[in-house]
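Keep in mind that this is a model prediction, so the values were computed, not measured.
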Amino acid sequence: MSPGIAHWREPLFAEVAGDIEVSFEFFPPKTEKMEQTLWDSVKTLEPLQPRFVSVTYGAGGSTRERTHNTVVRIARETSLAPAAHLTCVEATRGEVDDIARAYWDAGIRHIVALRGDPPVQGQKYVPHPDGYANAAELVAGLKRVAPFEISVAAYPECHPDAVSRQSDIDNLKRKIDSGADRAISQFFFAPESFFRFRDAAAAAGIDAELVPGILPVSNVTQTRKFAAACGAAIPPWMDRLFEGLDDLPAARQLVAATIAAELCGQLYAGGIRHFHFYTLNRAELAYAISHLLGLRPRAPAQEQAA
């Protein structure tokens, strides 16, 4: 037997059954051109029928109006189920509750509840004296406003502000116990990071759904900044793969898709069936990876039959 044949295995995506679900995250656009890019991406991804799509919220509510307008437009003009991000930063409880009521009145039933980042990067987070102190309090408050579906954040490699991994897991449990339905993870690049985190969460008695957050790397410099801010590790091998590609965007896209698809394939092999993609308002990479995992657009006739 050839030595190569002895080590051959089925292709990573040969046996995927199309049994995954996806969700996509967007951010509110600042300009008309960015708005067009966002809506092109929304319409491209819509046929994949994601469980939901979420829209981010700037530090200190800096994108409050744009977030609201984007979420409401998605609800009004597409078949998608939008989720609005909401944070505690620089707002009283009354202000946050009013925003939540406005979402409920607009037909939005899903909130991604987050503590939020300090308005100035690098500063220590300080709760508003009349606000919700943390995400667990925010979840409980939102449940008092209306019976929202609520997603919260999780950190496979530990939140940068946490004193320990165990305290971070304990904080996640408080958010789930306050009424959150699922946790969406910060991005990561090593599947074992997520599996270790999943085991630790189970050991702590967390039985809510844990959804891995996937960031296909379209901009390496930007990703390094994101990773530094949220405590995610970029493996040295990944750094090496992107060397020399700064001026070759098409090649960079191919490498990015390969890395993210390999990660998703390994997570799939470990039992994961829901993937949350941080799209950065671009559809191509998230669409390609979803396709590799067996997800296909559903024709209108199929939708009606379902």
Side-chain angles (χ1 to χ4, degrees), residues 23-28 52-68 70-71 82-93 95-100 102-104 108-121 123-128 131-146 148-162 167-188 197 201 206 208-213 215 226-227 229-232 276-280:
S23 49
F24 301 114
E25 182 171 299
F26 303 107
F27 62 85
F52 60 88
V53 297
S54 65
V55 180
T56 62
Y57 188 82
S62 56
T63 63
R64 181 181 299 173
E65 187 174 336
R66 284 187 283 126
T67 298
H68 185 276
T70 303
V71 170
H85 285 219
L86 190 54
T87 75
C88 311
V89 179
E90 293 197 325
T92 67
R93 290 177 180 235
E95 287 169 338
V96 172
D97 291 354
D98 286 346
I99 294 166
Y103 276 127
W104 187 266
I108 309 305
R109 297 294 181 260
H110 186 174
I111 299 285
V112 180
L114 309 163
R115 187 201 73 178
D117 297 320
V120 179
Q121 190 172 344
Q123 284 190 350
K124 183 177 173 58
Y125 175 80
V126 179
H128 189 289
Y132 292 110
N134 51 51
E137 284 193 9
L138 175 59
V139 170
L142 290 171
K143 287 292 191 182
R144 287 191 292 270
V145 170
F148 285 106
E149 177 182 354
I150 297 179
S151 297
V152 293
Y155 293 81
E157 295 169 290
C158 197
H159 192 288
D161 292 350
S167 71
D168 199 34
I169 292 287
D170 292 343
N171 185 52
L172 174 59
K173 189 169 192 311
R174 283 191 291 273
K175 292 189 281 190
I176 299 299
D177 290 346
S178 295
D181 296 280
R182 76 180 56 77
I184 301 169
S185 91
Q186 186 53 266
F187 67 85
F188 56 94
F197 159 72
I206 295 171
E209 180 186 23
L210 303 177
V211 179
L215 177 66
F226 290 159
C230 70
H276 183 78
F277 289 98
Y278 298 108
T279 69
L280 304 183

Between [options], which is the residue that forms a side-chain contact (heavy atoms from CB on, under 4.5 Å) with [X]?
X: Tyr57; options: Leu114, Val89, Ile99, Val112; value: Ile99
X: Thr56; options: Phe26, Tyr278, Phe27; value: Phe27
X: Val139; options: Val152, Ile176, Asp177; value: Val152

Residue pair [X] / [Y], side-chain heavy-atom distance below 4.5 Å:
X: Tyr103; Y: His68; value: yes
X: Leu172; Y: Tyr155; value: no
X: His159; Y: Arg115; value: yes
X: His110; Y: Ile150; value: no
X: Cys88; Y: Asn134; value: no
X: Pro212; Y: Phe188; value: yes

Distance check, rounded to the nearest 0.5 Å: [X] atom [atom1] versus [Y] atom [atom2]?
X: Glu209; Y: Ile184; atom1: CD; atom2: CD1; result: 8.5 Å
X: Phe148; Y: Leu142; atom1: CZ; atom2: CG; result: 6.5 Å
X: Cys158; Y: Gln186; atom1: SG; atom2: CD; result: 12.5 Å

For this session: Applying ring-ring contact (aromatic ring centres under 6.0 Å, His included), name anything that partners Phe187, two or more places apart in sequence or on another chain.
Result: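 Here the qualifying residues are Phe189.
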Problem set entry | Verdict with supporting geometry, Tyr132 and Asp97, side-chain hydrogen bond (donor to acceptor under 3.5 Å, both in side chains) | CA-CA 10 Å; Tyr132 292 110; Asp97 291 354; 2.7 Å; yes
Nearest atoms (heavy-atom pairs only) where [X] meets [Y]:
X: Val96; Y: Ala91; value: CG2-CB, 3.8 Å
X: Ser167; Y: Arg174; value: O-NH2, 4.4 Å
X: Ala183; Y: Ala154; value: CB-CB, 3.9 Å
X: Leu86; Y: Ala100; value: CD2-CB, 4.4 Å
X: Asp181; Y: Lys143; value: OD2-NZ, 4.0 Å

Exercise. His85 and Thr67: side-chain donor and acceptor closer than 3.5 Å?
Worked result: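 Note: His85 and Thr67 side chains miss the donor-acceptor criterion.
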Exercise. So, Ser23 versus His276: side-chain donor-acceptor pair below 3.5 Å or not?
Worked result: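 Checked: Ser23/His276 side chains pair up, N/O donor to acceptor below 3.5 Å.
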Is a side-chain N or O of [X] found less than 3.5 angstrom from the main chain of [Y], in a donor-acceptor match?
X: Asp168; Y: Ala162; answer: no
X: Arg109; Y: Glu149; answer: no
X: Thr279; Y: Glu25; answer: yes
X: Ser151; Y: Arg182; answer: no

For this session: Using the test salt bridge (Lys or Arg N to Asp or Glu O under 4.0 Å), find all partners of Glu157 that sit at least two apart in sequence or belong to another chain.
Result: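 Here no residue qualifies.
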For this session: Given side-chain contact (heavy atoms from CB on, under 4.5 Å), test Arg93 with His128 step by step and report yes or no.
Result: CA-CA 9 Å; Arg93 290 177 180 235; His128 189 289; over 6 Å; no
